[in-house]
Undergrad: 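Got a structure for you, questions after.
One-based numbering along the sequence shown. Excluded from the calculations below are hydrogen atoms, water molecules and symmetry mates; all remaining heavy atoms, backbone and side chain alike, are included.
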Amino acid sequence: MKKATATGKKSGSSEEKDGDSPSRLIDARIEELSDWRGEMLARVRTLIRQAEPDVVEEWKWRGVPVWERAGIICTGETYKSVVKLTFAKGASLEDPSGLFNSSLEGNTRRAIDFHEGDEIDEQALKALIRGAVALNTSKRAGSGKKSSST
């Protein structure tokens with residue numbers, strides 16, 4: 001399995017300066033949790049990597065795993081009773097399976113809260129990941145063009 005790293009990428013991470021790659025820091029977070037949250041974060045991470053083999057892992061905002069490809073795809077935060085996968089541009093993504101169940105009121109982000117014992121709809125999650133990458137790459141490809149109304 002190809003290991004995604006942030007080599008050559010700018011992450012703004014102070015932890016990286018200490019020699020730990022973002023992927024190693026995510027590994028450490030999963031291990032440190034040592035309960036269902038670590039298992040859930042590890043499972044979600046695997047699905048992200050399967051859906052987008054060229055994903056870049058980052059470690060931002062003092063300890064948040066971030067997955068990127070042509071921009072942020074999603075973040076993986078862990079709380080006492082939930083693992084939250086927040087999609088940076090989730091409001092612009094099709095979600096026919098209804099995975100988004102949190103941060104629904106905003107105009108940009110959408111999130112999926114995973115609780116202990118929750119099953120993951122793997123195909124639907126992978127479709128969301130691929131949709132986020134497609135949105136990022138389409139925005140980047142057209143970012144140099146401004147539309148004119150005159």
Side-chain angles (χ1 to χ4, degrees), residues 4-6 8-16 20-30 32-33 35-149:
T5 63
K9 294 281 185 175
K10 180 179 165 187
S11 76
S13 168
S14 62
E15 289 87 352
E16 242 184 302
D20 284 331
S21 76
S23 292
R24 284 192 196 123
L25 292 165
I26 295 170
D27 289 341
R29 169 65 49 83
I30 289 167
E32 132 194 327
L33 288 167
D35 61 9
W36 72 269
R37 296 171 302 161
E39 293 170 15
M40 183 66 74
L41 186 60
R43 184 69 193 129
V44 167
R45 180 191 201 191
T46 297
L47 294 171
I48 291 167
R49 289 172 159 181
Q50 289 173 354
E52 180 48 60
D54 293 327
V55 71
V56 175
E57 293 187 316
E58 294 286 357
W59 186 259
K60 296 186 178 185
W61 308 298
R62 296 186 190 138
V64 177
V66 178
W67 291 276
E68 298 183 352
R69 169 89 199 282
I72 294 175
I73 299 168
C74 60
T75 63
E77 297 174 271
T78 53
Y79 299 97
K80 185 176 181 178
S81 63
V82 70
V83 173
K84 181 181 286 288
L85 200 62
T86 302
F87 285 75
K89 299 174 186 161
S92 298
L93 297 176
E94 295 288 328
D95 181 22
S97 298
L99 292 183
F100 291 131
N101 60 10
S102 182
S103 304
L104 301 175
E105 63 285 342
N107 292 328
T108 307
R109 293 178 303 220
R110 293 285 183 272
I112 305 168
D113 285 354
F114 294 103
H115 298 88
E116 186 172 9
D118 281 355
E119 293 291 320
I120 299 175
D121 183 338
E122 294 183 3
Q123 295 309 313
L125 182 58
K126 287 180 182 182
L128 278 178
I129 299 296
R130 290 184 191 112
V133 170
L135 181 61
N136 284 354
T137 55
S138 71
K139 296 282 186 190
R140 180 158 286 186
S143 65
K145 302 174 187 172
K146 297 248 181 198
S147 59
S148 173
S149 59

Undergrad: Kindly compute the distance separating OG1 (Thr46) from CD1 (Ile120), expressed to the nearest 0.5 Å.
TA: 9.5 Å
Undergrad: For a quick test of reading the model, state the closest non-hydrogen atom pair linking Ile73 to Ala132 and the distance between them.
TA: CG2-CB, 3.8 Å
Undergrad: Is the shortest side-chain N to carboxylate O distance from Glu52 to Arg69 below 4.0 Å?
TA: yes
Undergrad: Is it true that Glu68 and Lys60 make a salt bridge, defined as a side-chain N closer than 4.0 Å to a carboxylate O?
TA: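 A salt bridge is present here (some side-chain N lies under 4.0 Å from a carboxylate O).
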Undergrad: Run the side-chain contact (heavy atoms from CB on, under 4.5 Å) test on Thr86 and Cys74 for me, step by step, so that the C-alpha distance in whole Å, both residues' side-chain angles and the decisive distance to 0.1 Å come before the verdict.
TA: CA-CA 5 Å; Thr86 302; Cys74 60; 5.9 Å; no
Undergrad: Test your reading of the model: is there a side-chain donor-acceptor pair from Asp95 to the backbone of Leu99, 3.5 Å cut-off?
TA: yes
Undergrad: Could you walk me through whether Val133 and Val55 satisfy the side-chain contact (heavy atoms from CB on, under 4.5 Å) test, starting with their C-alpha distance in whole Å, then the side-chain angles of each, then the deciding distance to 0.1 Å, before giving a yes or no?
TA: CA-CA 9 Å; Val133 170; Val55 71; over 6 Å; no
Undergrad: Closer than 3.5 angstrom, by distance alone: can the side chain of Asn101 be matched with the main-chain N or O of Asp113 as a donor-acceptor pair?
TA: yes
Undergrad: Ignoring hydrogens, what is the shortest heavy-atom contact between Pro65 and Leu41? Give both atom names and the distance.
TA: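 Taking Pro65 first and Leu41 second, the nearest heavy atoms are CG-CD2, 4.5 Å.
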Undergrad: Nearest 0.5 Å, please: how far is OG in Ser92 from CG in Leu135?
TA: 5.5 Å
Undergrad: Which heavy atom in Ala70 sits nearest to a heavy atom in Asn136, and how many Å separate them?
TA: O-CB, 3.3 Å
Undergrad: Would you mind reporting whether Trp59 and Arg24 have side-chain heavy atoms less than 4.5 Å apart?
TA: no
Undergrad: Test Ser102 against every option in Arg110, Arg109, Lys84 by the side chain to side chain donor-acceptor pair (under 3.5 Å) rule and name the one that passes.
TA: Lys84
Undergrad: For the atom pair CG (Asp118) and CD1 (Ile112), what is the distance rounded to the nearest 0.5 Å?
TA: 10.5 Å
Undergrad: Any salt bridge linking Arg45 with Glu57? Criterion: basic side-chain nitrogen under 4.0 Å from a carboxylate oxygen.
TA: yes
Undergrad: Can you see which heavy atom on Gly106 is nearest to which on Ala91, and at what distance?
TA: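 What the structure gives for the nearest pair is O-CB, 4.4 Å.
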Undergrad: Decide side-chain contact (heavy atoms from CB on, under 4.5 Å) for Val83 and Trp36; before the verdict, give the C-alpha distance in whole Å, the side-chain angles of both, and the deciding distance to 0.1 Å.
TA: CA-CA 9 Å; Val83 173; Trp36 72 269; 4.1 Å; yes
Undergrad: Going by heavy atoms in the side chains, are Ile129 and Trp67 under 4.5 Å from each other?
TA: no
Undergrad: Determine whether more than 12 heavy atoms belonging to other residues, nucleotides or ligands lie under 6.0 Å from atom CD of Glu32.
TA: yes
Undergrad: Can you tell me how far apart OH (Tyr79) and CZ (Arg37) are? Round to the nearest 0.5 Å.
TA: 12.0 Å
Undergrad: Give a yes or no on whether a salt bridge exists between Arg43 and Glu122, defined as a side-chain N under 4.0 angstrom from a carboxylate O.
TA: yes
Undergrad: Check the pair Phe87, Leu93 against side-chain contact (heavy atoms from CB on, under 4.5 Å), reporting the backbone distance first and the verdict last.
TA: CA-CA 9 Å; Phe87 285 75; Leu93 297 176; 3.9 Å; yes
Undergrad: Between atom CZ of Phe100 and atom CG of Leu85, what is the distance when rounded to the nearest 0.5 Å?
TA: 8.5 Å
Undergrad: With rounding to the nearest 0.5 angstrom, report the CD1 to CG distance, Ile26 to Asp20.
TA: 11.5 Å
Undergrad: Met40 and His115: which non-hydrogen atoms are nearest, and at how many Å?
TA: CE-O, 4.1 Å
